[in-house]
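To start, the structure under review is shown below, and the notes come after it.
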Amino acid sequence: MKELEKRYNAKEIEERIYKNWEEKGFFKPETQPQKSAGRPYVIVIPPPNVTGILHMGHALNNTIQDVMIRFNRMKGIETLWVPGVDHAGIATQNVVEKKLAKEGKRRWDLGREKFLEEVWKWKKESGDTITRQLRRLGASCDWSREAFTMNENLSKAVREVFVTLHDKGLIYQGNRIINWCPRCQTALSDEEAEHKDTEGGLYHLKYSVVGKKAPFEKMGEDHIVVATTRPETMLGDTAVAVNPEDPRYKHLIGKKLLLPLVNREIPVIADEFVDPKFGTGMVKVTPAHDPNDFEMGQRHNLPQINVMQPNGKMNEFAGDYNGMDRFEARKKVIEDLEAQGLFLKKEKHMHAVGQCYRCQTVVEPYLSKQWFVKMKPLADKALKEHKAGKTVFTPDRWTKVYTNWLEGIRDWCISRQIWWGHQIPAWYCDACASKNQEPRSKDQDLVPGSCSLVQEPIVSRETPKNCPKCGSDKLRQDPDVLDTWFSSWLWPFSTLGWPDKNHPDLKKFYPGSDLITAPEIIFFWVARMIMAGCEFLGEVPFNRIYLHGTVRDDQGRKMSKSLGNSIDPLEVIEEMGADALRWSLVMLSAQDVYLSREKFEVGRNFTNKLWNASRFVLMGLEGYTEGTAELKIDPKTLPAAHRWILSTLEKKTKLIEKELAQFGLSQASTELYHFVWNDFCDWFIELAKPYLQDEKTKKETQAVLFYVLEKILRLLHPFMPFTTEEIWQRFRDLAQDKDQWPETIMHANWSGNAMGSMSDETAEKEIDLLQRAVTGFRDLQVLQGQSLKTMACATVVHNPQVQVSFERQLPQIVKLAKVQSISFVDAKDMDMYSMRAYPDFSVLVPKASDSQKETEMLEKKIAELKPWIESMEKKLSNENFVARAPKQVIDGEKAKLEDAKKLLVSCEEQLAKLK
RNA sequence: GGGCGUUUAGCUCAGUUGGUUAGAGCAUCUGCCUUACAAGCAGAGGGUCUCAGGUUCGAAUCCUGAAACGCCCACCA
């Protein structure tokens with residue numbers, strides 16, 4: 001037998017073990033030896049960005065998934081965890097653009113094709129990083145099924161979905177106000193604009209009534225005042241609106257105003273939207289730069305004047321401000337208005353400003369032509385499935401977040417003006433375009449956007465060669481690409497071979513079981529996946545959704561690179577091992593995880609504890625040749641300590657299984673922690689030592705140690721796969737029935753093969769008594785500042801039944817309490833001793849020379865007991881209590897009261913004698 | 001403006017459908033290198049369960065209200 005090394009070498013062991021697992025194909029469902037007949041357990045990974053690196057959020061998310069996967073695999077359920085990465089359109093493009101910027105180049109300098117080559121090159125170089133890091137974490141994904149959103153098949157799925165929805169009329173093009181990121185220069189969906197409360201200004205501007213000039217005399221007569229947060233957009237104003245019922249301004253409706261700086265005449269219109277109570281009750285209307293104004297513009301048939309370029313600089317319609325950045329223009333507009341006496345004031349104003357979720361740039365509500373998905377019909381299907389109980393959220397509170405969003409769903413803007421992604425499968429015919437050269441209206445010229453052709457596009461699964469109308473081969477594909485999430489929302493089935501409806505993986509593994517992810521992406525991803533599943537497969541893609549906490553730093557801030565507060569999981573792995581990282585994360589994951597470096601010590605210390613306990617057990621097994629996965633001894637013949645640990649093992653196993661079945665990972669790990677550390681290491685190993693010395697009990701003790709620790713390894717394996725595998729292999733080497741043991745602990749049954757019940761209440765009571773007695777003696781020794789190794793101690797026991805147990809455990813108590821001997825004495829002799837009292841018994845040690853401490857101790861105890869007894873008596877004499885409380889509670893309280901009274905009497909007697 | 005969450009020991013958090021003197025880890029203090037483990041062992045101290053009402057025989061737990069902090073959503077310029 002190989003002995004375990006004195007120190008656990010995480011790095012060496014973990015790398016070696018993972019390599020072996022993967023090479024042997026242990027992660028594939030196909031190689032799993034024991035499989036039950038039911039449905040398989042399937043998880044799809046939330047695909048990390050292809051160029052990303054592993055951060056703590058990933059570490060937590062993937063640890064949880066791996067625990068669930070390994071747990072189910074060991075339960076004998078066929079298990080598949082599909083891994084993969086996301087092309088992450090904007091994010092990846094930004095990374096590559098930044099790289100180019102260092103060489104002083106922009107993407108347009110290269111052109112589309114060259115640029116995409118660069119991105120693919122970058123993907124090749126860094127694309128493996130994240131999956132390599134997931135392996136380091138121990139993730140037991142089936143890498144043979146690794147997917148990538150830009151793979152051939154996934155791209156095919158994207159086209160299939162686009163065309164299907166288009167044919168159903170659920171995908172359409174529209175001129176709308178969307179969120180525009182001037183830095184990324186693309187449209188964003190509503191979800192991609194993060195609203196952040198910002199203190200800005202509310203600027204009050206004066207517009208003159210046509211024919212009047214500053215200085216003005218009366219507001220509402222010769223001029224009006226509008227309030228705006230973005231004064232530079234006034235250059236695109238095409239009206240001013242008032243509420244039709246507002247008596248102050250009724251007379252102005254239909255009058256013309258002179259828009260300053262650009263000197264355009266604009267009408268005063270009446271619209272219900274205007275809230276008379278806000279600002280001045282007059283609203284400047286800029287249909288091309290504000291969603292509300294856009295709506296109003298539609299209602300009143302107002303022109304839309306776009307005054308901004310896609311990069312956030314003003315355009316030629318902004319007159320003198322052409323070429324100026326929007327924020328610069330904001331300042332200049334105010335300065336110029338002030339010079340003309342048209343700037344009234346600036347008020348401080350808190351409002352939510354949208355920011356690009358990829359680069360934090362302030363987004364601009366911007367009018368452009370984009371592709372949209374009509375979401376209502378999809379959302380309705382998902383809601384129907386939810387009402388049928390098909391989507392269960394844990395924790396439950398997220399359910400409402402999910403359904404509320406679906407109920408108020410808005411159309412999804414899916415086109416992006418970037419290059420990295422799935423190009424939209426829509427084509428325009430240049431020949432047709434030039435033939436029916438419709439004169440484009442002025443309005444349309446004012447609307448930028450890359451797909452602003454008037455022509456109806458050809459939407460097709462296959463790239464068309466010729467125009468179906470005129471036969472020309474001069475087809476141009478829509479330059480836009482699809483939102484990254486447009487491929488992600490197909491993930492649960494595109495990774496399983498869809499749109500091939502007969503793909504064996506799809507047939508076998510769809511729908512999946514659980515989705516495990518962070519709540520931040522409920523809308524982006526979770527809800528959309530469910531909608532896609534319902535729409536295209538007619539079935540929700542997973543039944544349970546577990547949303548775990550967010551990883552934060554110890555001040556509660558989100559971990560992020562820019563804040564510099566992130567802890568690199570790989571550094572932790574390097575330093576303490578993946579198991580330590582995993583264990584710590586799981587234990588902390590009851591809710592949001594607040595991290596600091598020291599928090600990982602729990603995991604490090606625990607792996608170390610397990611390692612050392614195993615070392616001890618394996619050393620103690622020297623010469624033992626009867627190790628088997630099953631206990632071949634009748635538990636009834638064993639000493640109480642042995643029966644107790646077996647009983648406790650069984651109890652805890654059930655408890656942990658229950659927790660894991662309902663995503664109680666943190667609770668399960670805490671139970672395990674205490675079982676292994678306190679019950680097994682602190683008590684059982686210590687109790688077992690003398691039995692190992694004795695030839696008569698040696699073998700049975702070895703058998704129990706072997707059995708229990710081997711089961712502990714199985715229970716722990718989902719959480720700390722590496723350490724448990726390493727140790728388990730040593731047990732396997734030792735096992736007599738080696739052929740009964742699978743090649744890896746991954747394939748061993750999680751709770752061991754079912755045996756007769758080990759539950760043993762008598763043993764549990766006996767060991768509980770032993771523990772309290774030992775603790776009592778230890779406590780007294782410390783209190784008295786003396787070792788009792790050479791002293792005879794004593795005990796007083798009232799209950800004859802307890803007396804029997806006590807006698808049986810006496811040698812163990814002597815040993816563990818480190819006292820010379822223990823004898824039973826009469827209560828009347830108690831004054832010769834110091835005492836620690838318990839309900840059933842008292843432990844006594846010879847008195848210290850000074851009785852000072854002794855008196856204090858007794859007085860304290862009495863002071864504690866008296867009020868308690870009083871309140872308990874009151875409680876028990878309460879008729880209502882006796883009438884309504886359950887019998888067990890009453891009996892328990894009564895027994896406890898009796899014990900306390902006895903105790904009080906003996907304490908008082910002793911105190912009297914002392915004095 | 002809506003919705004949600006949190007508030008328990010110095011710190012981080014558990015606390016299962018209300019029920020036997022409220023628990024753990026870290027930190028602190030005391031004593032130990034006891035041949036598995038000093039990343040350890042054995043002990044100790046430390047809590048008006050945010051506040052105010054209510055329901056109940058009984059509340060950290062249920063209800064109402066308040067405060068503080070945090071998160072999500074929202075087109076009031």
State which residue, out of A:Lys658, A:Lys652, A:Lys654, fulfils the salt bridge (charged side-chain N to carboxylate O under 4.0 Å, His left out) condition with A:Glu671.
A:Lys652
I want to check one thing: is the phosphate of B:rA39, taken as OP1 and OP2, less than 4.0 Å away from some side-chain N or O of A:Thr607?
no
Base-pairing assignment for B:rU64 (Watson-Crick or G-U wobble, both under 3.5 Å):
B:rA52
Below 4.0 Å: OP1/OP2 of B:rU16 and any side-chain N or O of A:Lys658:
no
Within the stacking criterion (centroid distance below 5.5 Å, interplanar angle below 30°), does A:Trp868 stack on B:rU21?
yes
Set of side-chain hydrogen bond (donor to acceptor under 3.5 Å, both in side chains) partners for A:Asp275, sequence neighbours left out
none
Distance test, side-chain N/O of A:Trp398 to OP1/OP2 of B:rC71, below 4.0 Å:
no
Integer angstrom distance from the C1' of B:rA22 to that of B:rA36
34 Å
B:rU55 to B:rC62 separation - C1' atoms, rounded to the nearest Å
8 Å
B:rA66 to B:rC41 separation - C1' atoms, rounded to the nearest Å
49 Å
May I ask you to verify whether the side chain of A:Glu686 and the base of B:rA36 hold a donor-acceptor pair under 3.5 Å?
yes
Can you measure A:Lys277 atom NZ to B:rC76 atom P for me and round it to whole angstrom units?
16 Å
A:Asn608, nearest nucleotide to its side chain (from B:rC37, B:rG19, B:rA36)
B:rC37
What integer number of Å spans the P atoms of B:rA59 and B:rC4?
27 Å
Contact class for A:Phe606 vs. all strands (heavy atom < 4.0 Å): base, sugar-phosphate, or nothing?
nothing
Round to the nearest Å and state the distance from A:Phe600 atom CZ to B:rU12 atom P.
17 Å
When you compare B:rG18 with B:rU12, how far apart are their C1' atoms, in angstrom units rounded to a whole number?
27 Å
In terms of side-chain heavy atoms of A:Asp682, which of B:rA42, B:rC72, B:rG43 is nearest?
B:rA42
Using a cut-off of less than 4.0 Å, is there contact between a side-chain N or O of A:Arg884 and OP1 or OP2 of B:rC57?
yes
Given the C1' atoms of B:rC51 and B:rC76, what is the spacing between them in whole Å?
36 Å
In whole Å, what separates the C1' atom of B:rG46 from that of B:rC57?
32 Å
Within the 3.5 Å criterion, strictly below it, is a donor on A:Glu232 or A:Tyr203 matched to an acceptor on the partner's side chain?
no
Given the rule in the ring-ring contact (aromatic ring centres under 6.0 Å, His included) test, do A:Phe393 and A:Trp398 qualify, once you have shown the distances and angles that lead to the verdict?
CA-CA 6 Å; A:Phe393 287 78; A:Trp398 296 110; 8.7 Å; no
Under 4.0 Å between any heavy atoms, over every strand shown, what does A:Lys400 touch: base, sugar-phosphate, or nothing? Just pick one.
sugar-phosphate
A:His674 side chain N/O closer than 4.0 Å to the phosphate oxygens (OP1, OP2) of B:rA14?
no
Quick one: is B:rG43 close enough that its OP1 or OP2 comes under 4.0 Å of any side-chain N or O from A:Arg778?
yes
Whole angstroms only, please: what is the CG-P distance between A:Asn878 and B:rG58?
7 Å
According to a strict under-4.0 Å criterion, is A:Arg410 in side-chain N/O contact with OP1 or OP2 of B:rA74?
yes
Counting side-chain heavy atoms from CB outward, which of B:rC72, B:rA77, B:rG40 is closest to A:Trp677?
B:rG40
Look through every strand shown and name the nucleotide pairing with B:rG43 as Watson-Crick or G-U wobble, where both distances are under 3.5 Å.
B:rC29
When you measure from the side-chain N and O atoms of A:Asn605 to the phosphate of B:rG40, is any distance below 4.0 Å, counting only OP1 and OP2?
yes
Presence of A:Lys609 side-chain N/O under 4.0 Å of B:rC41 phosphate oxygens OP1/OP2
yes
Answer with yes or no after comparing the ring centroid distance for A:Phe606 and A:Phe719 against a 6.0 Å cut-off, counting only values under it.
no
Any chance you could lay out the side-chain hydrogen bond (donor to acceptor under 3.5 Å, both in side chains) test for A:Thr394 and A:Gln662, step after step, and finish with the verdict?
CA-CA 8 Å; A:Thr394 308; A:Gln662 58 195 25; over 6 Å; no
